*Asks:* 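What follows is a single structure, and I will ask about it in a moment.
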Amino acid sequence: MSPETSVKRVKIADAGRHVGESVEIAGWLYNLRRSGKICFPQVRDGSGIMQCVAVKSALPEELFEKLKDLTQESSLIVRGKIRAEPRAHGGFEMDVESAEIVQRVPESDPYPITPKDHGIDFLMDHRHLWLRSRRQHAILGVRHEIIKGIRDYFDSNGFVLVDTPIFTPAACEGTSTLFEVDYFEDEKVYLTQSGQLYNEATCASFGKTYCFGPTFRAEKSKTRRHLTEFWMVEPEMAYANLEDVKRVGEELICFVIGRVLENRREDLKALERDASKLEAIKPPFHRMTYDDAVKKLQSKGSEIQWGGDFGNTDETLLTDDLDRPVMIDRYPTEVKAFYFQPADDRPEVALGVDFIAPEGYGEIIGGGQRIHDLDLLLKRLDEHKLPREAFDWYIDLRKYGSVPHAGFGMGVERFVSWMCGLEHIRETIAFPRMLYRTRP
RNA sequence: UCCUCAGUAGCUCAACGGUAGAGCAUUCGGCUGUUAACCGAAGGGUUGUAGGUUCGAAUCCUACCUGAGGAGCCA
């Protein structure tokens, strides 16, 4: 409610419920078209875009001139009567009765992002403003829905959120490159690349836990699938095995897609995302062993040999004839991290699984069953040349009530990219951190 | 880190060895139903930086800077 009038403040998205009423909306000028005696300020308020109509003959001279000379992205509050109007985009229009300009963008320094084309470098430099555009707004809306869906899935399936530290001592998995941070005198810590090892501790307290936060990779990856700072959700389950990981991962993906389709149709439409591609994602997902994946790739002309890891082109080749994700399990023990449980019948393969999304979106889930036997874990640490003293607490978990346990990690931005049908992961997070880009 | 490509008006691009141009944005004028509105006019440039070749360089060469695409690595 505005202090100076009795007009009710409404969201543009709810305008349909106020046809015939005089209400007010508070927002920013999205675009303005004008003729001599009529103008159409389009106002966005975060929930939608409302086309307003200001007619010269129906308004005080001063107000009409003020509206007619508005500049893009000026902030304003407009009041008027809502009317159904098939000619307008949202289906409704507001006949302006009064308005206040909160801040007028000066024409000497106009809003830099015009409705015309811009290059990616310019847009990334103006990311703080680019977020207001319809497309970026839609992507972040889908991202919000995905994160909420993930949380709701775990919270309603017996998992407890226990967040893990961002600052970690040196060795986590011993594979990726980490960001080093000065930690007071003489001590170095590293930004986390995974909360998994800590999840293995917390799941022995709660049974099923998950952590959900940012993770950091200092690899100089320069591709459309990589950020140096990204969000990951990592569940971990005690008394669980590889099959449990596959079941939970499949359920999680289908649940979250269901939420997006239920609540974010308008955003998908704004993104011109083919929703039928998402509607096709239903259980059961495809299942394949690493052995069979290698055979499939070789038959399609890949150079891959048994024992090697899949590259980007391999991942795309594996799914280009599929309409839903494929779970690939039992990778060579050699290419996986030290903590993977080997298969009972074939110790040369590990009980790990990767979920590869269709349409070339690549690995979105990676996980598996962890080693629960103390002696085997110690052997693996030695084989990977990892110092036992750095893992003393992790080793303890195998001494005090060790049980078979399993879990996985899902990268949020890759999931968002897939849902939105994006070309590049940089649009999936408000302020992406990439090789050579840390501003704004 | 490696390979490839690109830097020209605020933005998106053209000019490819011979006077630096268009659309959008901005300013001024016109228009009562526009949908990236339209029509007319104006202002706006050390062509990423530093060297070199040439009578003459945005254009050719070298180095550097910045960015993009890809590879590897990874989620």
Side-chain angles (χ1 to χ4, degrees), chain A residues 30-42 49 51-59 64 68-69 71-73 83 85-90 93 95 105-126 129-130 133-135 173 175-178 192-196 214-234 308-315 335-337 354-357 361-367 408-418 423-426 428-429 434-437 439:
Chain A
Y30 183 74
N31 200 2
L32 174 71
R33 279 180 280 273
R34 62 188 164 206
S35 294
K37 297 184 178 95
I38 186 169
C39 71
F40 303 93
Q42 292 183 316
I49 296 173
Q51 173 155 286
C52 303
V53 184
V55 175
K56 188 173 186 178
S57 57
L59 293 171
F64 183 80
K68 181 172 78 68
D69 290 332
T71 44
Q72 193 189 358
E73 286 301 318
R83 173 169 48 74
E85 173 54 71
R87 284 175 291 186
H89 267 313
E93 266 184 0
D95 289 317
V105 175
E107 44 274 277
S108 58
D109 189 6
Y111 188 70
I113 302 178
T114 68
K116 290 277 182 180
D117 293 332
H118 299 282
I120 191 64
D121 188 32
F122 178 82
L123 289 171
M124 289 304 298
D125 285 343
H126 294 84
L129 303 175
W130 189 23
S133 75
R134 191 180 285 191
R135 179 182 163 80
E173 296 190 11
T175 50
S176 316
T177 322
L178 308 181
T192 182
Q193 56 151 330
S194 166
Q196 184 212 307
T215 50
F216 307 86
R217 302 285 164 92
E219 266 122 20
K220 295 201 166 180
S221 296
K222 190 170 157 44
T223 83
R224 62 182 68 187
R225 288 179 186 177
H226 289 87
L227 298 168
T228 53
E229 176 183 316
F230 65 98
W231 285 65
M232 190 156 66
V233 60
E234 296 176 276
D309 215 342
F310 303 134
N312 274 359
T313 43
D314 290 327
E315 288 185 352
V335 304
K336 286 291 175 187
D354 285 353
F355 287 49
I356 315 290
Y361 284 97
E363 183 186 340
I364 46 165
I365 282 182
F408 63 89
M410 183 169 85
V412 169
E413 284 76 14
R414 284 205 181 160
F415 198 92
V416 174
S417 195
W418 174 31
E423 288 289 310
H424 202 298
I425 200 165
R426 64 189 158 213
T428 60
I429 185 166
M434 296 177 290
L435 184 63
Y436 309 133
R437 192 177 282 280
R439 289 157 63 88

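All figures in this text were calculated on a predicted structure; none of them were measured in a lab.
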*Asks:* Provide the distance between the two C1' atoms, one in B:C11 and one in B:G44, to the nearest whole Å.
*Replies:*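 So the two C1' atoms sit 13 Å from each other.
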*Asks:* Taking atom P of B:C74 as reference, at what distance in whole Å does atom CG of A:D314 sit?
*Replies:*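 Distance check: A:D314 CG to B:C74 P gives 13 Å.
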*Asks:* Using a heavy-atom cut-off of under 4.0 Å over every strand shown, decide if A:Q51 touches base, sugar-phosphate, or nothing.
*Replies:*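 Result for A:Q51 = base.
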*Asks:* Just by modelled atom types, is the A:I113 backbone N or O under 3.5 Å from a matching donor or acceptor in the A:Q72 side chain?
*Replies:*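 Side chain of A:Q72 to backbone of A:I113, a donor-acceptor pair under 3.5 Å: yes, one is there.
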*Asks:* So, using salt bridge (Lys or Arg N to Asp or Glu O under 4.0 Å) as the criterion, who are the partners of A:R225 when residues are at least two apart?
*Replies:*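 For A:R225 the salt bridge (Lys or Arg N to Asp or Glu O under 4.0 Å) partners, ignoring immediate neighbours, are A:E315.
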*Asks:* Looking at B:G33, B:C74, B:A25, which one has an atom nearest to any side-chain atom of A:P110?
*Replies:*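 Minimum distance to the A:P110 side chain belongs to B:A25.
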*Asks:* Output yes when a side-chain donor or acceptor of A:E413 lies under 3.5 Å from a complementary backbone atom of A:W231, and no otherwise.
*Replies:*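 Yes; at least one donor-acceptor contact below 3.5 Å.
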*Asks:* By the 4.0 Å heavy-atom rule, please label A:S57 as base, sugar-phosphate, or nothing.
*Replies:*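 Base contact.
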*Asks:* Could you tell me which nucleotide pairs with B:U66 by Watson-Crick or G-U wobble geometry, both distances under 3.5 Å, or answer none if nothing does?
*Replies:*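 Pairing partner: B:A6.
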*Asks:* Could you check how far CD of A:E315 sits from C1' of B:G72, rounded to whole Å?
*Replies:*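 Rounding to the nearest Å, CD of A:E315 and C1' of B:G72 are 13 Å apart.
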*Asks:* Counting the atoms with a prime plus P, OP1 and OP2 as sugar-phosphate, which does A:T223 contact under 4.0 Å by heavy atoms, base, sugar-phosphate, or nothing?
*Replies:*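 Base, at least one base atom sits under 4.0 Å.
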*Asks:* Could you tell me which residues satisfy salt bridge (Lys or Arg N to Asp or Glu O under 4.0 Å) with A:E85, sequence neighbours excluded, listed by chain and number?
*Replies:*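 For A:E85, the residues satisfying salt bridge (Lys or Arg N to Asp or Glu O under 4.0 Å) (neighbours in sequence not counted) are A:R83, A:R87.
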*Asks:* Which one is paired to B:G43, where only Watson-Crick or G-U wobble pairs with both distances under 3.5 angstrom count?
*Replies:*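 The answer is none; no pair meets the criterion.
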*Asks:* For B:U59, give the paired nucleotide (Watson-Crick: N1-N3 plus N6-O4 or O6-N4; G-U: N1-O2 and O6-N3; both under 3.5 Å), or none.
*Replies:*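 Answer to the pairing question: none, since B:U59 forms no Watson-Crick or G-U pair.
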*Asks:* When you measure from the side-chain N and O atoms of A:N312 to the phosphate of B:A71, is any distance below 4.0 Å, counting only OP1 and OP2?
*Replies:*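 For A:N312, the contact criterion (side-chain N or O under 4.0 Å from OP1 or OP2 of B:A71) is met.
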*Asks:* Report the residue (A:T71 or A:F230) whose heavy-atom-nearest nucleotide on RNA chain B is the more 5′ of the two.
*Replies:*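 Per heavy-atom nearest nucleotide, the more 5' residue is A:T71.
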*Asks:* Students often get this wrong, so: under 4.0 angstrom with heavy atoms, is A:Y111 touching a base, only sugar-phosphate, or nothing?
*Replies:*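 Contact class for A:Y111: none.
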*Asks:* Once you apply a heavy-atom cut-off of 4.0 Å, does A:R134 come out as touching a base, just sugar-phosphate, or nothing?
*Replies:*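 No contact at all - A:R134 keeps every heavy atom at 4.0 Å or more from the nucleic acid.
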*Asks:* Between B:A15 and B:G23, how far apart are the C1' atoms? Round to whole Å, please.
*Replies:*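 To the nearest whole Å, 15 Å.
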*Asks:* Mind calculating the distance between CG (A:N31) and C1' (B:A25) to the nearest angstrom?
*Replies:*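 The answer, rounded to whole Å, is 12 Å.
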*Asks:* Expressed in whole Å, how much space separates the P atoms belonging to B:U19 and B:C24?
*Replies:*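 Going atom to atom, P in each nucleotide, I get 26 Å.
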*Asks:* Can you sort out the partners of A:E73 under salt bridge (Lys or Arg N to Asp or Glu O under 4.0 Å), two or more places apart, ordered by chain and number?
*Replies:*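 A:E73 satisfies salt bridge (Lys or Arg N to Asp or Glu O under 4.0 Å) with A:R44, A:R132 once adjacent residues are dropped.
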*Asks:* Out of B:A68, B:C73, B:G33, which has the shortest distance to the side chain of A:E93?
*Replies:*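 The nucleotide sitting nearest to the side chain is B:G33.
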*Asks:* Measuring from the side chain of A:F40 (C-beta onward, heavy atoms only), which nucleotide among B:G33, B:C73, B:A68 has the closest atom?
*Replies:*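 My answer, after comparing the listed nucleotides, is B:G33.
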*Asks:* Look at the side chain of A:S221 and the base of B:C73, then say whether one donor and one acceptor between them are separated by less than 3.5 Å.
*Replies:*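 When only heavy-atom distances are counted, A:S221 does reach the base of B:C73 through a donor-acceptor pair under 3.5 Å.
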*Asks:* Going by side chain to side chain donor-acceptor pair (under 3.5 Å), name the residues that satisfy it together with A:T223, two or more places apart in sequence or in a different chain.
*Replies:*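 Checked A:T223 against side chain to side chain donor-acceptor pair (under 3.5 Å); matches are A:H226.
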*Asks:* Would you indicate what A:G36 reaches in the nucleic acid, counting non-hydrogen atoms under 4.0 angstrom: base, sugar-phosphate, or nothing?
*Replies:*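 If one applies the 4.0 Å heavy-atom cut-off, A:G36 turns out to touch a base.
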*Asks:* Checking all strands, does A:K222 fall into the base, sugar-phosphate, or nothing category for heavy-atom contacts under 4.0 angstrom?
*Replies:*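 Base: the residue A:K222, judged by heavy atoms under 4.0 Å, touches a nucleobase.
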*Asks:* Rounded to whole angstrom, note down the P distance from B:C61 over to B:U53.
*Replies:*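 Rounded to whole Å, the distance is 15 Å.
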*Asks:* Below the 4.0 Å mark, does B:G69 have OP1 or OP2 next to a side-chain nitrogen or oxygen of A:H424?
*Replies:*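 For A:H424, the contact criterion (side-chain N or O under 4.0 Å from OP1 or OP2 of B:G69) is met.
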*Asks:* Nearest to the A:R224 side chain among B:U26, B:A68, B:G70, which nucleotide is it?
*Replies:*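 Given the options B:U26, B:A68, B:G70, the side chain of A:R224 is closest to B:G70.
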*Asks:* Please give, in whole Å, the distance from B:A25 C1' to A:H126 NE2?
*Replies:*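 The distance from NE2 of A:H126 to C1' of B:A25 comes to 13 Å, rounded to the nearest Å.
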*Asks:* How would you summarise protein contacts on nucleotides 7-14 of chain B per nucleotide, using B for base, S for sugar-phosphate only and - for none, with heavy-atom distances below 4.0 Å?
*Replies:* ----SS--
*Asks:* Would you check if A:H89 and A:Q51 make a side-chain contact, meaning some heavy-atom pair closer than 4.5 Å?
*Replies:*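 They are not in contact (no side-chain heavy atoms under 4.5 Å apart), so the answer is no.
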*Asks:* In whole Å, what separates the C1' atom of B:A22 from that of B:A14?
*Replies:*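 One C1' to the other, the span is 7 Å.
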*Asks:* Taking for each residue the nucleotide of RNA chain B bearing the nearest heavy atom, is the 5' side occupied by A:M124 or by A:L32?
*Replies:*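 Taking each residue's closest nucleotide, the earlier one in sequence belongs to A:L32.
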*Asks:* Considering every strand shown, what is the Watson-Crick or G-U wobble mate of B:A71 when both distances are under 3.5 Å?
*Replies:*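 Here B:A71 is engaged in a pair, and the nucleotide opposite it is B:U1.
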*Asks:* P atom, B:G10 versus B:U47: distance in rounded Å?
*Replies:*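 Looking at atom P only, B:G10 and B:U47 are 12 Å apart.
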*Asks:* Report the base-pairing partner of B:U32 (Watson-Crick or G-U wobble, both distances below 3.5 angstrom), or none.
*Replies:*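 Here B:U32 is not engaged in any pair, so there is no nucleotide opposite it.
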*Asks:* In whole angstrom, give the distance that lies between atom CG of A:L435 and atom C1' of B:A71.
*Replies:*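 Value for this atom pair: 14 Å.
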*Asks:* Tell me which nucleotide, if any, is Watson-Crick or G-U wobble paired with B:U53 when both distances must be under 3.5 Å.
*Replies:*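 By the stated definition (distances under 3.5 Å), nothing pairs with B:U53.
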*Asks:* Determine the interatomic distance between C1' on B:U1 and the same-named atom on B:A58; round to the nearest Å.
*Replies:*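 The answer is 32 Å between these two C1' atoms.
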*Asks:* Quick one, A:D125 with A:D121, criterion side-chain contact (heavy atoms from CB on, under 4.5 Å). Give me CA distance, side-chain angles, the key distance, then yes/no.
*Replies:* CA-CA 6 Å; A:D125 285 343; A:D121 188 32; 4.0 Å; yes
*Asks:* Classify the angle between the aromatic ring planes of A:H126 and A:F122 as parallel (below 30°), tilted (30 to 60°) or perpendicular (above 60°).
*Replies:*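 Rings of A:H126 and A:F122: tilted, 30 to 60°.
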*Asks:* Could you give the CZ-to-P distance, from A:R426 to B:G67, as a whole number of Å?
*Replies:*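 Result: 13 Å.
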*Asks:* Counting only Watson-Crick or G-U wobble pairs whose two distances fall under 3.5 Å, which nucleotide matches B:A14?
*Replies:*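 Result: none.
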*Asks:* Taking atom C1' in both B:A36 and B:A68, what distance in whole Å separates the two?
*Replies:*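 Straight-line distance between the two C1' atoms is 25 Å.
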*Asks:* Under the rule for salt bridge (Lys or Arg N to Asp or Glu O under 4.0 Å), what residues qualify as partners of A:D117, not counting sequence neighbours?
*Replies:*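 With neighbours one apart ignored, the set is empty.
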*Asks:* Starting from C1' on B:U26, measure out to CD on A:E107 and report it in whole angstrom.
*Replies:*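 Checked: the CD to C1' distance equals 8 Å.
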*Asks:* Give the rounded distance in Å between these two atoms: CZ of A:F310 and P of B:G72.
*Replies:*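 Distance, rounded to whole Å: 13 Å.
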*Asks:* Just compare B:G33, B:C31, B:A71 and give me whichever is closest to any side-chain atom of A:R34.
*Replies:*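 Selected nucleotide (nearest to the side chain): B:C31.
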*Asks:* Which is true for A:L227 with a 4.0 Å heavy-atom rule: it touches a base, it touches only sugar-phosphate, or it touches nothing?
*Replies:*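 Contact class for A:L227: base.
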*Asks:* Distance only, no hydrogens: is a donor on one side chain within 3.5 Å (strictly under) of an acceptor on the other, for A:S194 and A:E234?
*Replies:*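 Yes, a side-chain donor-acceptor pair sits under 3.5 Å.
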